[in-house]
Amino acid sequence: MLGKLREGSGLTAGEQFKLTLLLAVPAILAQLSMCLMSYIDAGMVGRLGSAPAAAIGIVSTATWVFGSLCAANSSGFSVQIAHRCGAHDFEGAGRIFREGLFYTGLAGLFLGGTAFAIGGPLPVWLGGGEDIAGDASEYFRIYAAFLPVYQLTVFCQASLIASGNLRFPSMVSMLMCLLDVAFNYLFIFIMDMGVRGAALGTGLSELCAAVALFVYIRSSSRELGRRKIQIRPFRDGKRSLKLALNISSPLWVQNVVSRGAYVAATVLVAPLGTVSIAANSFAIIAEGFCYLPGYGIQDAASSLVGQSLGAGRKDLARHFAWISIGSAAAMMTFLAVLMWVFAPQVMGLLSHDQEVISLGAECLRIEAWAEFFFAISIVGNGCCVGAGDTLVPSVINLVSMWVVRIGLAMLLIPRFGLQGYWIAMAVELTFKGMIFAVRICGSRWMRTKLAGI
């Protein structure tokens, strides 16, 4: 069916839906494995007590910032790869992959060095107390050391997904989850390394994933591999680098500023105490099971929209966008109902502290009401990125995060505590979903210079 899309052949509504699901299911499984990895990390560390859990929780927002920058770096090239594959230009797709490998590698080294440099004072900046600052700093610096590896993993996964291959990245994600369990058990419990062991176990599992992805692309990918790699700046790569910067730069700003809002939220929550920090961190991880279908379908939507536009088929791009959004909204709404009903039991898997369980369950039940609109915002954003439209979605995310979420949180937290922050989050996600629905209803998001390259 991907071949029919690239060749301009007709696709029935049933075939469009089937193709969306065929690409989405492996991506959802990959998201599930990543969510399980976070869940396992939190569960293992949670057995050590609230303080070690809070040590990871206090720096978790900062790890999101750097991780999202790695994803933004990859998007600049993966979007171009999707368009090239849609145009049946596999030679061009392979060239862009090689260029992206070089430039994102440099970016990963820079991000890792920067993260390591700020790792010492970071927990204090975020409002962490002396009881958790030492562990939090060690955890973050180990995370920073593996950031170049994580950048390679994210770039290779994004490139394969853009080419229409979601099966192998999904298999690698599941393998990474299993390795994370094994490494964490070894380092946290057998070698008694505590929080440091959790960071080291995750880093080593990412290293194994990066090697597997790179070897596969070089040996087996028809669209991206089996070509000579040139480890040097590319004479003919100025255009693709410029396009990558045009795509990625709004995402950098969006991720720094919007993820910075998560950091600001951490600063707002930190004075509420260790129980609130741990409950907030665990509830965010637990919610991941609810929104993982959205992010899985987002990957499929980005690839299908990008390849449709690369083939010059805007009508098909719009159809795939709405099929993806509708599927994600249905799945996440169903899971939201389950999350509301079983919130205490889900939190109980992460912590034995009854205060943490009770507070986290209340937060999950607040958030459940916003999951339908959260699905629209997740997949709608992915459709825009697949089209190369990143500026307006970035503005939407920035205004939504800082004006709606943080503004409401500052008003509600002093009165309602941690629940006030989660009420603000639910309102913000609902607002953002409505805005993205309006955006996708129009056509400007498909009017990019990348279309048809």
Side-chain angles (χ1 to χ4, degrees), residues 1-2 5 16-37 67-68 70-83 85-86 93 97 100 150-151 153-174 176-177 209 213 216-217 221 223-224 247-248 251 255 288-310 317 320-332 374-390 393 436 440:
M1 283 184 284
L2 272 176
L5 184 157
Q16 293 172 32
F17 182 72
K18 182 178 179 181
L19 181 56
T20 302
L21 288 184
L22 285 174
L23 292 182
V25 169
I28 291 171
L29 292 176
Q31 291 293 327
L32 174 61
S33 66
M34 296 299 290
C35 186
L36 284 172
M37 194 163 71
S68 63
C70 291
N73 294 335
S74 301
S75 294
F77 294 96
S78 64
V79 169
Q80 296 182 68
I81 289 172
H83 283 253
C85 289
F97 171 76
Y150 181 71
Q151 175 68 85
T153 303
V154 170
F155 175 68
C156 288
Q157 284 183 318
S159 298
L160 282 171
I161 290 169
S163 72
N165 182 346
L166 278 81
R167 182 176 299 175
F168 190 77
S170 302
M171 291 171 58
V172 170
S173 294
M174 288 183 275
M176 185 164 60
C177 178
L213 287 162
Y216 175 83
I217 289 173
S221 174
E223 294 87 357
L224 305 177
I247 296 167
S248 293
L251 295 176
N255 283 299
F289 280 109
C290 195
Y291 59 67
L292 65 90
Y295 282 105
I297 294 175
Q298 180 193 63
D299 289 340
S302 295
S303 177
L304 290 169
V305 167
Q307 295 209 33
S308 296
L309 293 177
F320 279 128
W322 283 116
I323 289 171
S324 301
I325 290 171
S327 300
M331 291 181 190
M332 286 180 58
F374 192 16
I376 296 174
S377 69
I378 290 171
V379 182
N381 188 76
C383 293
C384 292
V385 171
D389 172 42
T390 55
F436 269 105
I440 298 300

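- Separation of atoms SG (Cys384) and CD1 (Ile440) is listed at 4.0 Å; rounding is to 0.5 Å.
- With sequence neighbours excluded, the residues that form a side chain to side chain contact (heavy atoms under 4.5 Å, CB included) with Ser75 are Ser78, Leu251, Val385.
- Looking at heavy atoms from C-beta onward, Gln157 lies out of side-chain contact with Asp299 at the 4.5 angstrom threshold.
- Taking the side chain as every heavy atom from C-beta outward, Phe77 and Phe97 never approach each other to under 4.5 Å.
- Of the inter-residue distances, the one linking Ile325 atom CD1 with Ile378 atom CD1 reads 11.0 Å to the nearest 0.5 angstrom.
- Between Gly76 and Ile247, the closest heavy-atom pair is O-CD1, 3.7 Å.
- Taken to the nearest 0.5 Å, the CG atom of Asn381 stands 13.0 Å off from the CD1 atom of Ile376.
- Contact between Ala209 and Met176 at its shortest, heavy atoms only, is CB-SD, 3.7 Å.
- Side-chain N or O atoms of Gln307 include one that pairs as donor or acceptor with a backbone N or O of Ala162 at under 3.5 Å.
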Given Tyr216 and Leu160, is the side chain to side chain contact (heavy atoms under 4.5 Å, CB included) satisfied, shown in steps?
CA-CA 10 Å; Tyr216 175 83; Leu160 282 171; 4.0 Å; yes

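- When all heavy atoms are compared, the tightest approach of Ala317 to Val305 is O-CG2, 3.8 Å.
- Within the 4.5 Å cutoff, the side chain of Ile297 has heavy atoms near those of the Met331 side chain.
- Taking 4.5 Å as the limit, every side-chain heavy atom of Ile217 sits out of range of all side-chain heavy atoms of Phe168.
- Take Tyr291 and apply the ring-ring contact (aromatic ring centres under 6.0 Å, His included) test, not counting sequence neighbours, and it matches Tyr295, Phe374.
- Between Cys85 and Ala93, the closest heavy-atom pair is SG-CB, 3.9 Å.
- Scanning both residues, Gly294 and Ala328, for their nearest heavy atoms gives CA-CB, 4.1 Å.
- One finds the CD atom of Gln298 at 12.0 Å from the OG atom of Ser303 (value rounded to the nearest 0.5 Å).
- How far OG of Ser324 is from CG of Leu304: 6.0 Å, rounded to the nearest 0.5 Å.
- One finds the CG atom of Leu213 at 7.5 Å from the OG atom of Ser173 (value rounded to the nearest 0.5 Å).
- Here the closest non-hydrogen pair linking Gly386 and His83 is O-NE2, 3.1 Å.
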